[in-house]
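A quick write-up on the structure given underneath.
Only a predicted model underlies this, so the values are computations on that prediction, with no experimental measurement involved. The figures that follow rest on heavy atoms only: side chains count, while hydrogens, waters and symmetry mates do not.
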Protein chains: 2
Amino acid sequence: MRANDLPEVRALPLFRSMEPENFSELMNAAYLQRFPRQVDLIFEGEPADFLYIVVEGCVELFSRHAARETTLAMVRPVRSFILAAVIRDAVYLMSARTTEVSRLLMIPSENIRAAFEKDAAFARAIVTELAVGFRTMVKEYKALKLRSGTERLAARLLIQNDAQGGTGRVVLPYDKKTLASLLGMTPENLSRSFAALKKYGVGVDGNTIDITDIEAVKRFCRPSVLIDADEDIF
Amino acid sequence: MRANDLPEVRALPLFRSMEPENFSELMNAAYLQRFPRQVDLIFEGEPADFLYIVVEGCVELFSRHAARETTLAMVRPVRSFILAAVIRDAVYLMSARTTEVSRLLMIPSENIRAAFEKDAAFARAIVTELAVGFRTMVKEYKALKLRSGTERLAARLLIQNDAQGGTGRVVLPYDKKTLASLLGMTPENLSRSFAALKKYGVGVDGNTIDITDIEAVKRFCRPSVLIDADEDIF
DNA sequence: CGTCACTTTGAGGTCATTCAATTCGCGTGG
DNA sequence: CCACGCGAATTGAATGACCTCAAAGTGACG
């Protein structure tokens, strides 16, 4: 299945300012494919043959080493992943699998690199995307080194709260096992961290979290734009 | 002091393929400056006014949050730092200070962005630089999440050993306090980690380390190109 | 030769993981 | 419709990793 008729993809910062004919060319080479949940898409160490874009569903980026495994990121629509490997024509550093039924757009790496050489606006967009990706990674790294597990959880709850309207009620977008791995802790520890946040007014009922005293949570984890803020891509 | 006559800078992957007149223009706007050791260069949170290039000496990138501090990277000649902030016209995410007497080239951000718009080869070089930076960051992040402190130390010793000729004798390029912070542990713990590596044939005398049984160290920390390898920029 | 920063070592405590057992919710199949 | 099984989530206890505090040793440098 090929797809040229995806306005969401065309609207992505990465493709928005491309020349129409270059975008068409790219889309003609691309595959739009449905995947069930829990399908392995790529393995770290493999050559980067495709740039992926999550059109629908959710993809988990993770890594394994010596019997340990950790979640590096969750990718939701509409975003691309593993751009850096494609640009470098290198090996993937992360593995990827779907966590829900998903629709993914797969664009062959050579086409991305060809379009990059040809289309100056696309090249600029790639620069922005990589710079944002780099800074996001730096923030994750800083969070891991500068905060405790419970603080990281609290900070993430505050971000989710903002993203979900700031009502004080947050619905976790994936299961707690995954959240724990993303935060760099075990599921058991995540449970205990939730329990520890109770004294700051955080209530847990399944995957819906209620934050009654946002200021107290802020005092505890000290959110910072230098660690927590998402970057707008514009 | 301004400097147009720095062949090392011109030879950098970032500038190598620029148009001569664009490079000249950039250098005419740049400052080459000497700094004593332990001088604060930039603070996280400040707007990114300059791109920095370490021509001589050494610069530590670090971050503080809530009374904690951690070293994020050490930059040695001849390399640039904080390119992503400059490109994004954003705020620095890391602070920087010299750890030795250093010569730094400072290029105003606007000039970098102007050259980026004008010079396609420069734009391509920036893409490569950012992609490499991103992948390096991912590797650090993975190492922190997937390895213990002692394993991270062992892996770093192996990398340094390769970089220093593979003789089995490594000279630490900075003091142990800094190394500890870079590895994400305390100085006390670094000492204990060195002691723990003794049984794999690692001997410590001041800042020179002797690795008598490289295979044993490898079996212990399981080095991987997906975590440890430096990326060539070419 | 004294000072000061770096490093090492020890003791004690905290945080996080592992292992084990239990509970809960959900979907499957009888 | 209910019993059952399964995976996810929680809780407890024990272990291990890492940090803090304190003190002593080492070396560089004025």
Side-chain angles (χ1 to χ4, degrees), chain A residues 36-38 60 65-71 97 99-101 143-154 157 170-199 202-209 220-221, chain B residues 36-38 58 60 65-71 74 97-101 143-155 157 170-199 202-209 220-221:
Chain A
R37 55 195 300 275
Q38 294 298 340
E60 177 183 6
H65 184 252
R68 275 163 276 193
E69 178 178 317
T70 190
T71 303
R97 65 183 158 227
T99 60
E100 307 171 4
V101 177
L144 197 57
K145 282 185 107 176
L146 290 168
R147 285 210 270 237
S148 72
T150 308
E151 286 169 345
R152 292 197 298 278
L153 170 61
L157 289 177
V170 172
V171 178
L172 299 179
Y174 21 77
D175 57 20
K176 289 180 184 165
K177 190 184 163 191
T178 307
L179 177 60
S181 180
L182 194 55
L183 290 171
M185 51 174 119
T186 58
E188 296 94 322
N189 236 316
L190 178 63
S191 263
R192 288 183 253 267
S193 283
F194 269 122
L197 290 179
K198 204 173 290 179
K199 64 168 169 284
V202 175
V204 181
D205 178 22
N207 62 354
T208 81
I209 315 296
F220 169 68
C221 71
Chain B
R37 55 194 302 273
Q38 294 298 338
C58 186
E60 178 183 4
H65 184 252
R68 274 163 278 195
E69 178 178 316
T70 190
T71 303
M74 302 297 289
R97 66 183 158 225
T98 57
T99 60
E100 307 171 3
V101 177
L144 197 56
K145 281 185 109 176
L146 291 168
R147 284 210 270 236
S148 72
T150 308
E151 287 169 344
R152 293 197 297 279
L153 170 61
L157 289 178
V170 173
V171 178
L172 300 179
Y174 20 79
D175 57 22
K176 289 179 184 164
K177 189 185 163 189
T178 307
L179 177 60
S181 181
L182 193 55
L183 290 170
M185 51 173 119
T186 57
E188 297 94 322
N189 237 312
L190 177 63
S191 261
R192 288 184 254 264
S193 283
F194 268 122
L197 290 180
K198 204 174 292 179
K199 65 167 167 284
V202 175
V204 182
D205 177 23
N207 62 353
T208 82
I209 315 296
F220 170 67
C221 71

> What are the bounds, 5' to 3', of the part of DNA chain C that sits under 4.0 Å from heavy atoms of chain B?
Replying inline: dC6(C) to dA11(C)
>> I'd like to compare against my own output: the B/S/- annotation of nucleotides 11-30 of chain D with a strict under-4.0 Å heavy-atom distance to protein.
In response: BBB----SBBB---------
[X] [atom1] to [Y] [atom2] distance, which is reported to the nearest 0.5 Å:
{"X": "I209(B)", "Y": "L197(B)", "atom1": "CD1", "atom2": "CG", "value": "9.5 Å"}
{"X": "K145(B)", "Y": "H65(A)", "atom1": "NZ", "atom2": "NE2", "value": "15.5 Å"}
{"X": "L144(B)", "Y": "T70(B)", "atom1": "CG", "atom2": "OG1", "value": "8.5 Å"}
{"X": "E60(A)", "Y": "R37(A)", "atom1": "CD", "atom2": "CZ", "value": "11.0 Å"}
{"X": "T150(A)", "Y": "M185(A)", "atom1": "OG1", "atom2": "CE", "value": "6.0 Å"}
{"X": "F220(A)", "Y": "L153(A)", "atom1": "CZ", "atom2": "CG", "value": "8.5 Å"}

> Who are the ring-ring contact (aromatic ring centres under 6.0 Å, His included) partners of Y174(A), not counting sequence neighbours?
Replying inline: none
>> Restricting to salt bridge (charged side-chain N to carboxylate O under 4.0 Å, His left out), what partner residues turn up for R68(A), sequence neighbours left out?
In response: E151(B)
Which donor-acceptor pairs under 3.5 Å do the side chains of residues 175-183 of chain A make with protein atoms, sequence neighbours left out?
unit_1, atom_1, unit_2, atom_2, d
D175(A), OD1, T178(A), N, 3.1
D175(A), OD1, T178(A), OG1, 2.6
K176(A), NZ, G206(A), O, 2.9
S181(A), OG, T71(A), N, 2.7
S181(A), OG, T71(A), OG1, 2.9

> Rounded to the Å, how far apart are Y174(A) OH and dA9(D) C1'?
Replying inline: 18 Å
> In whole Å, what is the span from the CD atom of Q38(A) to the C1' atom of dG7(D)?
Replying inline: 12 Å
> How bent is the helix from dC1(C)-dG30(D) to dG30(C)-dC1(D), comparing axes over its five end pairs at each side, to the nearest 10°?
Replying inline: 30°
> If every non-hydrogen atom of R147(A) is compared with every non-hydrogen atom of R152(A), which pair is closest and at what distance?
Replying inline: O-NH1, 2.9 Å
